[in-house]
Amino acid sequence: MDFFKLLGAGAKFDKSRFKEDISVFKPSRRATHETVDLVDNVPKELDFFGDHSRQQHGSKGAEPIPTRQLAGSASQYIKDENDHTPFANDSEVAEYLKRHRIKVTGTDVPHPIKTFEMLCKEHSFQPFVLRNLEKFGFTQPTPIQMQAIPISVHRRDLIANAPTGSGKTLAFLLSILHQIHSPEKEGFRAVIVSPTRELATQIYEHLRNLTSGRKIKVCLMTKAAAALQAQDPAMRQKFDILVTTPLRLVHAVQNGEADLSRVRNLVLDEADSLMEKGFLEQVDEILAACSSPNLQISLFSATMPSSVEEMAKTIMKNPIRIIVGSKNAATETIDQKLVYVGQEEGKLLEIRRMILTGFKPPCLIFVQSIDRAKELFHELVFESINVDVIHSERTQTQRNRIVQKFRSGDLWVLICTELMARGIDFKGVNMVINYDFPQSAQSYIHRIGRTGRAGREGKAITFFTKEDAPHLKTIVNVMRESGCEIPEWMLQLKKPSQDDKKKLKKKPVERNNITTVPKYDLKRRNHKKQIIEQSKAKKLRQQQTASTEGSSTS
Ligand SMILES: Nc1ncnc2c1ncn2[C@@H]1O[C@H](COP(=O)(O)OP(=O)(O)OP(=O)(O)O)[C@@H](O)[C@H]1O
């Protein structure tokens with residue numbers, strides 16, 4: 001029997017999921033959360049699980065947890081839909097915020113909005129904004145939008161922490177559109193920085209929709225756009241809003257292709273990632289280039305470690321902080337599972353088992369490196385599964401094409417690295433599989449946040465091996481914060497030390513290659529490959545020697 005031919009047999013693809021971009025935030029059943037069924041296969045060496053815990057856990061995962069109000073619960077929006085009445089007093093505001101699970105800290109906090117209409121009535125937004133919101137199906141603000149928009153409209157610095165898929169993008173875009181409602185041809189007045197090109201492109205498209213029918217000029221800083229602006233200084237004046245990645249912007253600033261001196265609104269999307277090593281220097285340069293004394297800074301992310309907040313406060317003026325739901329938790333509509341797979345090889349077996357027993361794409365599979373992404377792709381591509389792989393070694397054209405195919409439903413399974421973990425909004429993703437255990441709680445929250453977006457339900461499955469077990473508690477804590485019921489023995493697991501956490505963040509766990517080829521064959525295959533490469537190199541050397549000898553005699 002050709003086992004691999006059967007791989008896709010259980011997969012069912014539901015294209016209709018992609019059609020309903022508008023019907024988001026409809027009341028939805030609360031997902032029950034289960035934890036891992038790792039009892040039967042636990043090896044003796046993993047005795048931190050303990051016999052007692054095995055008995056307690058049973059073999060079927062945990063009981064569903066009691067329903068808790070979701071951060072951004074859909075039914076709440078519908079109830080509030082026609083309520084345009086201004087708040088009568090502070091206690092009404094407090095009650096409203098509590099109901100929507102919005103926590104705000106700071107001084108002189110502006111009142112939230114209840115409806116988008118209130119943007120025009122109370123905050124003098126231009127009517128085109130409402131028209132475009134309606135055109136693209138945004139009828140009711142989400143909690144982060146309710147509170148973040150009035151704060152930004154009052155030109156206050158902001159640190160906003162709200163779950164993945166809760167509408168943070170629209171929150172900062174609308175705030176920008178309050179200030180930039182018509183073209184002025186005086187160069188960039190607002191800049192949005194995001195860590196990846198894919199995310200920058202997505203924000204750019206979103207902004208183009210919201211400004212449709214207006215002459216506001218939005219620039220997505222690509223290599224070509226930067227070159228154009230370098231050639232023609234008049235081009236630099238033409239644009240009002242810039243969407244960019246940090247490195248591209250720093251290059252443009254250093255080469256005199258971008259002038260940020262008139263920027264009054266700087267948004268750092270996925271701010272915690274931008275304020276980590278690797279990006280921090282670039283963000284520093286961007287801040288230095290935004291020299292206007294009236295610069296307003298806004299930070300948005302689903303995860304905001306305290307260390308980042310502290311650092312952020314040093315560059316902000318009297319900021320207001322919003323937290324929607326629980327801080328640093330995963331979205332509550334995601335059904336999260338941990339699956340023990342024993343050894344590395346168990347992961348492929350588990351994926352195949354899942355596919356055979358009924359698996360509902362579209363699905364994202366996260367691995368920890370480009371090499372592993374390629375390996376997994378080679379394992380799955382021959383098996384008539386509609387799969388592709390995306391990572392930073394692919395060309396920009398390939399990356400764009402793959403994202404497009406996944407969005408349109410032509411691609412069922414997308415293998416990816418951390419590149420796709422943040423911000424990317426594929427509305428219909430049914431399942432996220434963490435093939436490789438994430439290197440931090442932040443990474444886990446963002447990866448699984450590619451499903452269960454905008455009030456939808458989703459599934460997240462995280463494989464772990466014996467090597468990952470010491471870090472299990474990090475993920476267990478996130479699951480608990482997100483409302484999952486966790487068996488007692490898991491709660492008793494030892495927390496990894498800060499040092500261990502840092503080590504893992506820096507360097508992922510070493511793993512065997514992803515392959516079904518037996519080790520012996522793999523050795524032989526690698527040996528054969530080595531011999532071929534050596535002989536190729538030898539031939540090349542001989543050719544080079546022959547040609548240099550030829551040219552020296554002639
Ligand atoms: N008010 C709204 N009504 C309906 N849909 C909305 C609303 N606001 C945003 N959305 C939709 O919700 C989805 C998620 O929004 P968005 O991408 O902004 O999430 P996010 O909070 O930035 O998530 P992440 O942290 O993963 O980046 C998008 O498809 C967006 O169009």
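What you are looking at is a predicted structure, and each value in this text was computed from that prediction instead of being measured.
Using a 4.5 Å heavy-atom threshold, the side chains of Thr201 and Leu199 count as separate. Asn434 is not listed as a side-chain neighbour of Ile461, based on a closest heavy-atom distance of 4.5 Å or more. Counting heavy atoms from C-beta on, the side chains of His391 and Ile415 never come closer than 4.5 Å. A 4.5 Å side-chain heavy-atom check between Val253 and Ile286 finds every atom pair outside the cut-off. At a threshold of 4.5 Å between non-hydrogen side-chain atoms, the residues Leu376 and Val387 do not count as touching. Residues Glu198 and Val403 form a side-chain contact, since some pair of their non-hydrogen atoms from C-beta on lies under 4.5 Å apart. The shortest side-chain heavy-atom distance between Val283 and Leu268 falls under the 4.5 Å cut-off. Counting heavy atoms from C-beta on, the side chains of Ser194 and Gln202 never come closer than 4.5 Å.
Here Asp269 does not pair with Lys168 in a salt bridge; the nearest charged N to carboxylate O distance is not below 4.0 Å.
Proximity of a side-chain donor or acceptor of Ser301 to a complementary backbone N or O of Glu270 within less than 3.5 Å is not detected. A donor-acceptor pair is defined here as one N or O able to donate and one able to accept, closer than 3.5 Å; no such pair exists between the side chain of Arg456 and the backbone of Gly428. Thr333 places a side-chain N or O within 3.5 Å of a backbone atom of Gly452 that can act as its donor or acceptor partner. Arg394 contributes a side-chain N or O that, together with a main-chain N or O of Val389, makes up a donor-acceptor pair within less than 3.5 Å. Remark: side-chain polar atoms of Gln398 are paired, donor with acceptor, to backbone N or O of Thr395 under 3.5 angstrom. Lys459 places no side-chain N or O within 3.5 Å of a backbone atom of Met431 that could act as its donor or acceptor partner. The closest donor-acceptor contact from the side chain of Asn255 to the backbone of His251 lies under 3.5 Å. Put simply, the side chain of Asp468 gets close to the backbone of Thr465: a donor and an acceptor are under 3.5 Å apart. A donor-acceptor contact shorter than 3.5 Å links the side chain of Arg450 to the backbone of Ile424.
Heavy atoms only, all atoms of each residue included: Ala460 and Ile448 are closest at CB-CG2, 3.5 Å. Residues Gly449 and Thr164 share a closest heavy-atom pair of CA-OG1, 3.2 Å. Among all heavy-atom pairs drawn from Leu419 and Arg399, the shortest one is CD1-NH2, 3.6 Å. Between Pro246 and Gln282 the shortest heavy-atom distance is CB-OE1, 3.3 Å. Nearest heavy atoms, Arg453 versus Gly423: NH2-O, 3.8 Å. Nearest approach of Val243 to Ala200, heavy atoms of both residues: CG1-O, 3.4 Å.
Between Thr397 and Asn400, the side chains place no donor N or O within less than 3.5 Å of an acceptor N or O (distance only, hydrogens not considered).
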Going through the distances and angles, do Asn477 and Lys495 end up as a side chain to side chain contact (heavy atoms under 4.5 Å, CB included)? CA-CA 9 Å; Asn477 284 345; Lys495 245 170 84 178; 4.2 Å; yes

Walk me through whether Lys501 and Asp499 qualify under salt bridge (Lys or Arg N to Asp or Glu O under 4.0 Å). CA-CA 5 Å; Lys501 279 191 194 172; Asp499 241 26; over 6 Å; no

Which is it for Thr462 and Lys337 under the side chain to side chain contact (heavy atoms under 4.5 Å, CB included) test, yes or no, and what are the steps along the way? CA-CA 6 Å; Thr462 302; Lys337 271 193 180 123; over 6 Å; no

For side chain to side chain contact (heavy atoms under 4.5 Å, CB included), just list the numbers for Leu220 and Thr244, CA-CA rounded to whole Å, side-chain angles, deciding distance to a tenth of an Å, and then say yes or no. CA-CA 6 Å; Leu220 176 66; Thr244 179; over 6 Å; no

Side chain to side chain contact (heavy atoms under 4.5 Å, CB included) between Cys416 and Ile365: does it pass, once the steps are laid out? CA-CA 6 Å; Cys416 50; Ile365 306 179; over 6 Å; no

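Ring planes of Phe188 and Phe239: parallel class, angle under 30° (limits at 30 and 60°).
The line from SG of Cys363 to CH2 of Trp412 is 12.0 Å long, rounded to the nearest 0.5 Å. Between atom CZ of residue Phe366 and atom CG of residue Leu364 there is a gap of 5.0 Å, rounded to the nearest 0.5 Å. Between atom CD1 of residue Ile241 and atom CD1 of residue Ile203 there is a gap of 12.0 Å, rounded to the nearest 0.5 Å. Here Asp272 contributes atom CG and Asn161 contributes atom CG; the two are 8.5 Å apart, rounded to the nearest 0.5 Å. With rounding to the nearest 0.5 Å, the separation of CG in Leu380 from CD1 in Ile514 is 9.0 Å. To the nearest 0.5 Å, atom CG of residue Leu493 and atom NE2 of residue His471 are 12.5 Å apart.
A side-chain contact (heavy atoms from CB on, under 4.5 Å) with Pro362 is found for one member of Leu411, Asn386, Thr451, Asn430 and no other, namely Asn430. Partner Lys347 forms a side-chain hydrogen bond (donor to acceptor under 3.5 Å, both in side chains) with one of Glu344, Gln343, Glu350 and no other, that one being Glu344. Among His446, Arg447, Gln368, the one residue that satisfies the side-chain hydrogen bond (donor to acceptor under 3.5 Å, both in side chains) test with Glu418 is Arg447. Of the residues listed (Glu345, Glu375, Glu379), the one engaging Thr515 in a side-chain contact (heavy atoms from CB on, under 4.5 Å) is Glu379, and it is the only one.
Separation of the Phe406 and Phe426 ring centroids falls under the 6.0 Å cut-off.
For the side-chain contact (heavy atoms from CB on, under 4.5 Å) test, residues two or more places apart in sequence or in another chain that qualify with Lys505 are Glu276, Ser440, Gln442. Residues satisfying the ring-ring contact (aromatic ring centres under 6.0 Å, His included) criterion with Phe172, sequence neighbours excluded, are Phe300.
Within a 6.0 Å sphere centred on NZ of Lys327, other residues, nucleotides and ligands contribute more than 12 heavy atoms. Crowding of Glu281 atom CD: a count of heavy atoms from other residues, nucleotides or ligands under 6.0 Å not exceeding 12.
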